[in-house]
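Structure first, then comments.
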Amino acid sequence: MEIKTSAIVLQTIKYGDSQLIVDFFTEKLGRLSFMVRVPKSSKGKMKRQLFQSLMVLNLEFDYRPKSNLQRLRDVSIQIPFSDIPFSPYKLGISMFLAELLSYATRHEQANDALYLFIQDSIEWLDRAKGSIGNFHIVFMIQLSFHLGFMPNIESGMSGDYFDLVDGCFVAHVPSHVHYLNKEDSMRLVSLFRLDYKTMHLYTMSRMERNRCVEVILEYYKLHLPGFSEMKSFAVLQELFA
């Protein structure tokens with residue numbers, strides 16, 4: 001079956017001297033992996049630089065449902081980046097988000113709303129001119145909504161502690177260790193009210209920001225079975241003062 005779809009690059013692994021294994025989140029079919037042959041000649045269409053983290057591409061291929069690795073027939077750039085490849089801050093965020101999405105969407109089928117959210121977020125990051133230190137935090141929070149496990153912050157009126165397992169506020173300390181103290185719980189409420197346009201208004205130190213990411217990653221691990229340790233988080237921890 002011939003498929004034409006837009007797709008977002010999540011992970012690229014070198015395979016031998018002239019091949020890549022590329023994981024995509026596609027608009028029409030959800031998660032798919034491809035074996036891509038990269039010719040040594042500069043004239044070929046399958047250039048390595050096309051398959052960088054979060055690149056938004058147009059793909060053409062013959063879909064084989066029983067195959068673990070699809071084969072590309074044609075590829076082109078759908079959304080050219082103007083700033084992400086040249087900004088160490090945006091590049092660090094893009095690497096983190098690509099790894100996050102690689103784990104979080106592992107079993108996702110086609111999901112129009114999720115795909116549109118990711119693509120719009122990537123475009124926003126590329127165009128952003130002001131402070132982007134909170135971008136990945138806002139992205140993670142909004143992504144949890146699209147994945148179906150967004151915390152219930154409305155329950156914050158009736159409790160001081162946020163239960164990471166149940167995703168809600170409780171009046172008393174839970175019997176397990178996966179909960180936030182009063183200070184972290186109140187910060188969570190503030191973060192959930194932010195969007196990309198207002199995120200620069202909420203200031204945090206590097207330590208506070210990294211603590212927020214750690215908490216949200218713990219929440220992801222509790223709600224997404226098999227969610228792995230984020231290797232790129234170590235890089236992100238050093239980026240924003």
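Worth saying up front: this structure is predicted, and the values here are computed from it rather than measured. Along the sequence shown, residues are numbered consecutively beginning with 1.
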- Task: Taking all heavy atoms of A7 and all of L59, pick out the closest pair and write down the distance.
- Result: CB-CD1, 3.5 Å
- Query: Do F162 and Y179 have their ring centres less than 6.0 Å from each other?
  - Reply: no
- Message: Less than 6.0 angstrom separating the ring centers of Y161 and F169, yes or no?
- Response: no
- Task: In sequence, state the C-alpha distance, the side-chain angles, and the governing distance for F86 and L91, and then conclude on side chain to side chain contact (heavy atoms under 4.5 Å, CB included).
- Result: CA-CA 7 Å; F86 312 106; L91 194 58; over 6 Å; no
- Task: Could you give me the CA-CA distance, side-chain angles and deciding distance for V75 and M46, then say whether side chain to side chain contact (heavy atoms under 4.5 Å, CB included) is met?
- Result: CA-CA 7 Å; V75 61; M46 305 296 177; 3.3 Å; yes
- Go through the steps for D62 and R71 under the test salt bridge (Lys or Arg N to Asp or Glu O under 4.0 Å), then give the verdict. CA-CA 7 Å; D62 291 320; R71 295 276 183 174; over 6 Å; no
- Item | Student check: side-chain heavy atoms of L97 and H136 closer than 4.5 Å | yes
- Item | Non-hydrogen side-chain atoms of L54 and L101 separated by less than 4.5 Å | yes
- Query: Looking just at side-chain N and O atoms, do D163 and H176 make a donor-acceptor pair shorter than 3.5 Å?
  - Reply: yes
- Message: If we ignore hydrogens and angles and just use 3.5 Å, is the side chain of T105 paired with the main-chain N or O of E108 as donor and acceptor?
- Response: no
- Might you point out which heavy atoms bring M199 and S131 nearest each other, and give the distance in Å? CE-O, 3.7 Å
- Note on the structure: Residues Q237 and R206: closest non-hydrogen pair is O-CD, 3.3 Å
- Please answer whether the main-chain N or O of D195 pairs with a side-chain N or O of T198 as donor and acceptor at a distance below 3.5 Å. yes
- Query: Looking only at heavy atoms, what is the nearest atom pair of R48 and S18, with distance?
  - Reply: NH2-CA, 4.1 Å
- So if you build clusters from Ile, Leu, Val, Met, Phe, Trp, Tyr with side-chain heavy-atom gaps below 4.5 Å, do V165 and I216 land together? yes
- Does F61 reach the side chain of E2, with side-chain heavy atoms less than 4.5 Å apart? no
- Message: Nearest 0.5 angstrom please: I8 CD1 to S102 OG, how far?
- Response: 12.5 Å
- Looking only at heavy atoms, the pair that brings F227 and K221 closest together is CD2-CG, 3.7 Å
- Has Q49 got more than 12 heavy atoms of other residues, nucleotides or ligands less than 6.0 Å from its CD? yes
- Message: Is a donor from one side chain sitting under 3.5 angstrom from an acceptor on the other, for E27 and T5?
- Response: no
- Message: Can you see whether Y115 engages S6 through a side-chain donor-acceptor pair at a distance of less than 3.5 angstrom?
- Response: yes
- Should the ring pair F139 and F117 be called parallel, tilted or perpendicular, given that the plane angle runs from 0 to 90° and is split at 30 and 60? parallel
- Considering residues, nucleotides and ligands other than M207, do more than 12 of their heavy atoms fall under 6.0 Å from its CE? no
- Message: Between S87 and I84 (side chain of the first, backbone of the second, donor and acceptor by atom type, cut-off under 3.5 Å), is there such a pair?
- Response: no
- Message: Take a 6.0 Å sphere around CG of N68 and say whether it holds more than 12 heavy atoms from other residues, nucleotides or ligands.
- Response: no
- Item | S185 side-chain N/O to N181 backbone N/O, donor-acceptor pair under 3.5 Å | yes
- Does the gap between the ring centers of F149 and Y219 come in under 6.0 Å? yes
- Task: Verify whether one side chain among S121 and Y196 offers a donor that lies under 3.5 Å from an acceptor in the other.
- Result: yes
- Does L57 share a hydrophobic cluster with M35, counting links as ILVMFWY side-chain heavy atoms below 4.5 Å and allowing steps through other members? no
- Task: Please report the shortest heavy-atom distance between L217 and M230, naming the atom on each side.
- Result: CD2-CG, 3.8 Å
- Begin from the C-alpha positions of K90 and D83 and carry the test salt bridge (Lys or Arg N to Asp or Glu O under 4.0 Å) through to its verdict. CA-CA 8 Å; K90 292 184 179 182; D83 199 30; 2.7 Å; yes
- V9 and Q52, any side-chain heavy atoms less than 4.5 Å apart: no
- Task: Quick one: do R187 and E208 satisfy side chain to side chain contact (heavy atoms under 4.5 Å, CB included)? Show the steps, please.
- Result: CA-CA 10 Å; R187 182 177 291 121; E208 290 171 335; 3.5 Å; yes
- Hey, does E99 have a side-chain heavy atom less than 4.5 Å from the side chain of K231? yes
- Message: Just checking E229: does its CD atom have more than 12 heavy atoms from other residues, nucleotides or ligands closer to it than 6.0 angstrom?
- Response: no
- Transitive ILVMFWY side-chain link I13 to F34, under 4.5 Å: no
- Message: Is the shortest side-chain heavy-atom distance between F24 and L10 below 4.5 Å?
- Response: no
- Task: Compare all side-chain heavy atoms of Q70 with those of S33 and state whether any distance is below 4.5 angstrom.
- Result: no
- Message: How long is the straight-line distance from NZ of K129 back to NE2 of H200, given to the nearest 0.5 Å?
- Response: 16.0 Å
- Message: Can you confirm whether Y15 is buried at OH, in the sense that more than 12 heavy atoms of other residues, nucleotides or ligands lie under 6.0 Å from that atom?
- Response: no
- Item | Sub-4.5 Å side-chain heavy-atom contact between I77 and L50 | yes
- Check the pair F233 / E214 against side chain to side chain contact (heavy atoms under 4.5 Å, CB included), numbers first and verdict last. CA-CA 9 Å; F233 182 35; E214 289 173 354; 3.6 Å; yes
- Message: Whether the side chain of Y220 engages the backbone of M140 through a donor-acceptor N/O pair (distance < 3.5 Å, no angle test) should be reported.
- Response: yes
- Examine V235 and Y103 and state if one hydrophobic cluster contains both, with Ile, Leu, Val, Met, Phe, Trp and Tyr joined whenever side-chain heavy atoms are less than 4.5 Å apart. no
- Charged N to carboxylate O below 4.0 Å: is that the case for D184 and R211? yes
